[in-house]
Amino acid sequence: MAAAEGGEPTRIMVAVNESTIKGYPHASISSRGAFEWTLKKIVRSNTSGFKLLFLHVQVPDEDGFDDMDSIFASPQDFRTMKHRDKIRGLHLLEYFVKQCHEIGVACEAWVKKGDPKEIICYEVKRVQPDFLVVGSRGLGPFQKVFVGTVSEFCVKHADCPVIAIKRNASQTPQDPVDD
């Protein structure tokens with residue numbers, strides 16, 4: 001699976017997202033778990049044989065609830081809001097890139113905006129990684145009806161092999177939909 005001597009490294013796309021837990025502006029439990037699993041079970045000590053490709057998809061705030069208490073009086077107010085969202089996405093990717101650089105794994109990272117399941121599959125087609133790793137909250141059938149799952153969609157529709165890493169049961173927050 002890893003690069004042959006002198007060959008190209010195996011390119012692993014890892015889809016990452018922010019935590020949904022209030023007051024917790026970090027990588028989600030599932031994203032961290034998928035990343036750590038990839039390092040431990042696939043990369044191991046062969047850091048030069050792999051290149052990790054981190055994709056974060058920001059979901060546009062269609063309902064306006066994130067900024068419900070905000071007052072927008074000028075175009076600058078909207079630029080400030082967009083800038084804040086961009087910073088959050090970059091902060092998230094910085095976590096993963098920093099980890100890779102500390103252990104010597106090559107990586108790239110970028111942010112896209114849209115529906116995560118559609119954008120991830122589009123980026124897989126565009127970038128053509130050897131495989132995709134996504135975190136999974138491990139929701140039950142009832143929760144899936146209301147929340148849906150990006151990982152399930154990617155397993156069915158991505159143009160490459162997909163590994164979905166279920167989060168550890170001990171890390172499940174009080175509300176299992178949170179991540």
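Since we're looking at a predicted model, the values are computed, not measured.
To the nearest 0.5 Å, the span separating NE2 on H101 from CZ on F96 amounts to 14.0 Å. Distance check: M13 CE to Q128 CD gives 10.0 Å after rounding to the nearest 0.5 Å. Interatomic distance, H56 NE2 to S28 OG, rounded to the nearest 0.5 Å: 10.0 Å. Distance check: I120 CD1 to K112 NZ gives 13.0 Å after rounding to the nearest 0.5 Å. With rounding to the nearest 0.5 angstrom, the CD1 atom of I165 is 9.0 Å from the OG atom of S136. The SG atom of C160 lies 11.0 Å from the CD1 atom of I12; values are rounded to the nearest 0.5 Å.
Residue I103 is grouped with residue L52 when hydrophobic side chains (ILVMFWY) are merged at heavy-atom distances under 4.5 angstrom, including chains of intermediate members. Using a 4.5 Å cut-off between side-chain heavy atoms of Ile, Leu, Val, Met, Phe, Trp and Tyr, with links allowed through other members, Y95 and W37 fall into the same hydrophobic cluster. By the criterion of side-chain heavy atoms lying less than 4.5 angstrom apart, applied directly or through intervening Ile, Leu, Val, Met, Phe, Trp or Tyr residues, L55 is not grouped with F153; the two fall into different hydrophobic clusters. Note on F131: it does not cluster hydrophobically with Y122, by side-chain heavy-atom contacts below 4.5 Å among ILVMFWY residues.
A 4.5 Å side-chain heavy-atom check between K40 and R44 finds every atom pair outside the cut-off. A 4.5 Å side-chain heavy-atom check between R126 and E123 finds at least one atom pair inside the cut-off. A 4.5 Å side-chain heavy-atom check between R11 and V127 finds at least one atom pair inside the cut-off. Side-chain contact between L90 and L92 is absent, with no heavy-atom pair separated by less than 4.5 Å. In this structure the side chain of W110 never reaches within 4.5 angstrom of the side chain of F54, judged on heavy atoms. Annotation: side chain of V59 is in contact with side chain of P116 (closest heavy-atom distance under 4.5 Å).
The two residues S48 and P9 make their nearest non-hydrogen contact at O-CB, 4.0 Å. The two residues T149 and E152 have their closest heavy-atom pair at OG1-CB, 2.7 Å. Residues V57 and G114 approach most closely at CG1-O, 3.5 Å, considering heavy atoms. The shortest non-hydrogen separation linking V105 to F50 is CG1-O, 4.0 Å. Taking every heavy atom of both residues into account, V16 and L93 meet most closely at CG2-CD2, 3.9 Å. When all heavy atoms of C154 and V162 are compared, the pair lying nearest together is O-CG2, 3.5 Å.
A donor and an acceptor atom, one from each side chain of T10 and D130, are nowhere located under 3.5 Å apart.
With S31 contributing its side chain and A27 its backbone, the two residues share no donor-acceptor pair below 3.5 Å.
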